[in-house]
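Okay, so here's the structure we're looking at.
In what follows, every chain begins at residue 1, and chains take the letters A, B, ... in the order their sequences are listed.
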There are 2 protein chains.
Amino acid sequence: MISGKFAITIHILTLLTKFPNDFLSSEFIAGSINLNPVLVRKEIANLKAHHIVESKEGKNGGTKLAVNPSNITLKEIFGMTFDTINLGYAKNTPNPDCPVGKKINQNLGLLYADINQKISLQLDDITLEDFSIQF
Amino acid sequence: MISGKFAITIHILTLLTKFPNDFLSSEFIAGSINLNPVLVRKEIANLKAHHIVESKEGKNGGTKLAVNPSNITLKEIFGMTFDTINLGYAKNTPNPDCPVGKKINQNLGLLYADINQKISLQLDDITLEDFSIQF
DNA sequence: TCATACTGTAATAAAATATGTTACAAATGT
DNA sequence: ACATTTGTAACATATTTTATTACAGTATGA
């Protein structure tokens, strides 16, 4: 379930933070990530749905932040790109006639929920500004 | 990068904990996970390499725990099935001529290292016995 | 000693997911 | 008008994960 979604989204947002006054084109952003511009636009569509960025179509169009980078944390960005973090489940439904098979996913779910909570606390302490300032 | 490896391995180990005196066959285990027995044997090969289980070939063969389930934690199991957990990296090498592209993977790496440490601490508090006793 | 039931492992196939490409309508600045 | 850019769909390719088949090797016990 883990893809480059979070990394790409953070990369986009870091660039937008670095150029707060410009509408950056998907082509420009894609050049920094080394990724297809269409995929950049898809991630941006997701960010727009969460009202984190705003875009302008047409010539000289592009995308810029719609929020102050000190007012958004990595937890929120994480929430936009992942359901939850987990260590995976077996693909097929385990055997419900086995006591272990019957409860394994439930028990893994509890474990993963704990993990998520810890990670969320940690990510909630880091703002986009904190992250971007490292560059 | 996340597959069902951890979940499958935990499932196997929970079964072995529940039947500490038996050599369980890959077929039996596969029936509980609802997974191909060859894949079960592959995960068992990994556990054997880490000296967590022992196998017996031939008729009435199978696999049993080689350690006391109260002496092994989920952290160790995690370490056998994952390199590290992370929220992913973009697939392609980012543009080294961009200040953000140049450092993005390094900075994500630092973030992910922190996350891993937290998860490890948490998983190190849960033994295989603790986990198995829930079933 | 022979049939049976396992492990171990390789080779290959299929399925699922992720990434990439092409295409083009719609919007907007100059 | 023209150039440039977003938005989005449709399709193609690549990668990863899971499944299957096959079979040599090993132990058990009738």
Round to the nearest Å and state the distance from [X] atom [atom1] to [N] atom [atom2].
X       : N      : atom1 : atom2 : result
B:Tyr89 : C:dA18 : OH    : P     : 18 Å
A:Glu27 : C:dT22 : CD    : P     : 13 Å
A:Leu24 : D:dT4  : CG    : P     : 18 Å
B:Asn60 : C:dA3  : CG    : P     : 18 Å
A:Lys64 : D:dT5  : NZ    : P     : 18 Å
B:Leu39 : D:dT21 : CG    : P     : 13 Å
A:Ile29 : D:dG7  : CD1   : C1'   : 14 Å
B:Lys48 : C:dG8  : NZ    : P     : 3 Å

- DNA chain C: 5'-proximal contact among B:Ala90 and B:Lys59 (nearest heavy atom):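 Looking at the nearest nucleotide for each, B:Lys59 comes out on the 5' side.
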- Search all heavy atoms of B:Met80 against all heavy atoms of B:Lys5 and return the closest pair with its distance.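 That closest heavy-atom pairing would be O-CE, 4.4 Å.
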- Do A:Asp124 and A:Thr73 have side-chain N/O donor and acceptor atoms under 3.5 Å apart?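 Yes, side-chain donor-acceptor contact under 3.5 Å.
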Does [N] have its OP1 or OP2 closer than 4.0 Å to a side-chain nitrogen or oxygen of [X]?
X       : N      : result
A:Asn92 : D:dT18 : no
A:Ser26 : D:dT6  : yes
A:Asn36 : C:dT21 : yes

- Should the ring pair B:Tyr89 and B:Tyr112 be called parallel, tilted or perpendicular, given that the plane angle runs from 0 to 90° and is split at 30 and 60?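 If you compare the ring of B:Tyr89 with that of B:Tyr112, the planes turn out perpendicular.
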- Closest-nucleotide ordering on DNA chain D, the 5'-leading residue of A:Gly61 and B:Leu35: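 Whichever sits nearer the 5' end wins; that is A:Gly61.
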- Take A:Phe131 and A:Phe135 through the ring-ring contact (aromatic ring centres under 6.0 Å, His included) test and state the conclusion after the steps. CA-CA 8 Å; A:Phe131 188 81; A:Phe135 293 86; 5.6 Å; yes
Considering only [options], which nucleotide approaches the side chain of [X] most closely?
X       : options                : result
B:Val38 : D:dT20, C:dT7, C:dA23  : D:dT20
B:Lys91 : C:dC6, D:dA19, D:dT15  : D:dT15
B:Lys42 : C:dA11, D:dG7, D:dT26  : C:dA11
A:Glu57 : C:dA27, D:dT28, D:dT26 : C:dA27
A:Arg41 : D:dT6, D:dA19, C:dG8   : D:dT6

- Query: In this structure, which one of B:Ile77, B:Thr127, B:Thr17 forms a side-chain contact (heavy atoms from CB on, under 4.5 Å) with B:Ile72?
  - Reply: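 Filter result, single survivor: B:Ile77.
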